[in-house]
Protein chains: 2
Amino acid sequence: MRRNKKERQALLVATIKETPFITDEDLAEKFSVSVQTIRLDRLELSIPELRERIKNVAEKTFDDEVKSLPLDEVIGEIIDMELDHSAISIFEVKEEHAFKRNGIARGHYLFAQANSLAVALINDDFALTAKANIHFTRSVKLGERIIAKAKVVNINTETGRTFVEVKSFVNAELVFVGEFEMYRAKK
Amino acid sequence: MRRNKKERQALLVATIKETPFITDEDLAEKFSVSVQTIRLDRLELSIPELRERIKNVAEKTFDDEVKSLPLDEVIGEIIDMELDHSAISIFEVKEEHAFKRNGIARGHYLFAQANSLAVALINDDFALTAKANIHFTRSVKLGERIIAKAKVVNINTETGRTFVEVKSFVNAELVFVGEFEMYRAKK
DNA sequence: ACTACTATTAGTACCTAGTCTTAATATCAC
DNA sequence: GTGATATTAAGACTAGGTACTAATAGTAGT
């Protein structure tokens, strides 16, 4: 029941990692020691108090949630464009596009860049994505610059349905491939 | 500078929504009223105290993060199986599979169900997914029962590569389609 | 057994960001 | 001015701590 210091501290770290919303009092009971001992342990192990732990978790989410929202605009800077034929855009992965935890770009930004480009490529008033086949071939990290190249593969002369292929690269490495079937409104 | 009650309370709601980690003291300063007034406002508007607000945000994340982890097992209950031919599984979307915020099932569970089924279908020691083309045709809500039907489309007699098509339904409605290219180890 | 040292426990004062309650003013409508 | 509503203040209490001091327990070395 009662372990030595080292053992207890190791378990303490594990316990707090697993259930971070636990008070010192509950921890003291769990390890059959006094609250003061738990506090000394936390001090030694540099584990912040409950409220700080809760706050840390909350801040992580809040930042991620808030910053990832504005996805309504065009993602990426279009640097070359030949309507109904091909286009190129550049998108740099900044803090607000990546997960704080590991710096890996959120997939929907890669998708958004490709999709924006496919939409922009359509020489009509409205363009909507009907279907998409996407493939993430490599994860993209914070600070990397993604170059998306879109190419019209086929236009159905009757329906106007346009098939666009987008390939995204970081340096020369393929990170994303998507095939988009676009619906266009001629009016 | 100093607004009337209604105006102030409307702004209060907006302010807290925007920056939930703000103390009553800061709010009092912002609206040039006393701390007590802010507390009366929160009472009337049923806005919990700062610590509770922080905790709510943290709990939301934590639950979502923790509960979505165990994805290593087979997802869904296999109710029919003919090796190398076809299979059916049922999966019910429970709380831990859906986003708390809106009750919509996380996509990876639909993928996992389909993928599990495709793997199980292979009549060999090992089966791995080489490629997948997936399509989410409708969002699935908490409490719904997903029926996935897998069918072997083609087996390459030389390489053993197996193509499996999985279609998932809620009632009679198609919610997911996936084509899986499976790699198999004969050993 | 005595000393030295670490580990544990206890107790006090203080802090933040509140709650809950009572009471005194301020402001406004009529 | 009289009420009603709004605002401010003051006091007691709470959780979950920090920071500090001090006492006690247990263990190892000599």
Side-chain angles (χ1 to χ4, degrees), chain A residues 1-67 100-101, chain B residues 1-67 69 95 100-101:
Chain A
M1 178 132 301
R2 190 99 176 234
R3 294 104 174 163
N4 63 25
K5 200 182 178 179
K6 250 187 181 164
E7 215 179 326
R8 187 189 58 236
Q9 292 195 341
L11 278 169
L12 189 82
V13 173
T15 304
I16 289 179
K17 196 168 194 173
E18 213 182 302
T19 56
F21 304 175
I22 189 168
T23 61
D24 287 357
E25 212 179 310
D26 289 348
L27 287 165
E29 212 172 306
K30 188 178 169 123
F31 294 113
S32 311
V33 291
S34 70
V35 175
Q36 285 78 0
T37 302
I38 296 294
R39 290 183 178 159
L40 277 174
D41 283 348
R42 280 202 297 98
L43 202 75
E44 281 180 31
L45 300 164
S46 309
I47 298 171
E49 60 165 295
L50 170 63
R51 284 158 182 162
E52 284 306 310
R53 295 198 302 268
I54 292 177
K55 211 176 170 185
N56 291 344
V57 174
E59 268 167 355
K60 210 169 58 175
T61 347
F62 191 70
D63 287 0
D64 275 356
E65 267 180 13
V66 167
K67 288 208 171 167
K100 270 200 160 182
R101 326 175 214 293
Chain B
M1 179 130 301
R2 188 98 175 231
R3 293 105 173 163
N4 64 24
K5 199 181 178 180
K6 250 188 181 165
E7 215 179 325
R8 185 189 60 235
Q9 291 195 344
L11 278 169
L12 190 82
V13 172
T15 303
I16 290 179
K17 196 168 195 173
E18 212 182 302
T19 56
F21 302 176
I22 189 168
T23 62
D24 287 357
E25 212 179 311
D26 290 348
L27 287 165
E29 212 173 306
K30 187 178 171 124
F31 294 113
S32 311
V33 291
S34 70
V35 175
Q36 284 79 359
T37 302
I38 295 295
R39 289 184 178 159
L40 276 175
D41 284 347
R42 280 201 298 98
L43 201 75
E44 281 180 30
L45 300 165
S46 309
I47 298 170
E49 61 165 295
L50 170 63
R51 283 160 181 161
E52 283 305 310
R53 296 198 300 269
I54 292 177
K55 210 176 169 186
N56 290 344
V57 175
E59 266 167 356
K60 211 169 56 175
T61 346
F62 191 71
D63 286 2
D64 275 356
E65 270 181 10
V66 166
K67 288 208 170 166
L69 278 179
E95 263 188 48
K100 269 200 160 184
R101 325 176 214 291

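What you see is a predicted model, and the numbers here were worked out from it, not measured in a lab.
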In whole angstroms, the gap separating P of C:dT22 from CZ of B:R39 amounts to 18 Å
So, do A:I22 and A:L50 sit near enough that their side-chain heavy atoms are less than 4.5 Å apart?
-> no
State whether B:R39 and B:E44 are salt-bridged, where the test is any N-O pair (Lys NZ or Arg NE/NH1/NH2 against Asp/Glu carboxylate O) under 4.0 Å.
-> no
Which residue lies more 5' along DNA chain D, comparing A:I47 with B:E44 via nearest heavy atoms = B:E44
Base, sugar-phosphate, or nothing: which does A:R42 touch, judged by heavy atoms less than 4.0 Å apart?
-> sugar-phosphate
CG of A:N4 versus P of D:dA25: gap in Å, rounded?
-> 21 Å
Choose from C:dT19, D:dT7, C:dT8 the nucleotide whose nearest atom is closest to any side-chain atom of A:K5.
-> C:dT8
Given C:dG18, D:dG17, C:dT9, the nucleotide with the shortest approach to the side chain of A:T23 = D:dG17
Looking for any heavy atom pair under 4.0 Å, which part of the strands does A:Q36 touch: base, sugar-phosphate only, or nothing?
-> base
Atom pair CZ (A:R42) and CD1 (A:I16), whose distance is rounded to the nearest 0.5 Å = 6.5 Å
Could you please name the option among C:dT19, D:dT7, D:dT8 that lies closest to any side-chain atom of B:R8?
-> D:dT7
In terms of side-chain heavy atoms of A:R51, which of C:dT16, C:dA17, C:dA7 is nearest?
-> C:dT16
To the nearest angstrom, how far is A:D41 atom CG from D:dT18 atom P?
-> 12 Å
Taking CD1 from A:I38 and P from D:dT18, how many angstroms apart are they, rounded to a whole number?
-> 12 Å
Length of the line joining B:L43:CG and D:dA6:C1', which is rounded to integer Å | 14 Å
Whole-Å gap separating P (C:dT8) and CG (A:L12) = 12 Å
Chi angles and distances behind the side chain to side chain contact (heavy atoms under 4.5 Å, CB included) call for A:V57, B:I54 = CA-CA 9 Å; A:V57 174; B:I54 292 177; over 6 Å; no
Testing D:dT18, C:dA10, C:dG18 for proximity to the side chain of A:S34, the answer is C:dA10
For A:E52, does the CD atom have more than 12 heavy-atom neighbours from other residues, nucleotides or ligands under 6.0 Å away?
-> yes
May I have the distance from B:K6 (atom NZ) to D:dT5 (atom P), rounded to whole angstrom?
-> 14 Å
Rounded to the Å, how far apart are B:D26 CG and C:dA17 P?
-> 8 Å
Select one nucleotide: of D:dG17, D:dA9, C:dA17, the one nearest the side-chain heavy atoms of B:L50.
-> C:dA17
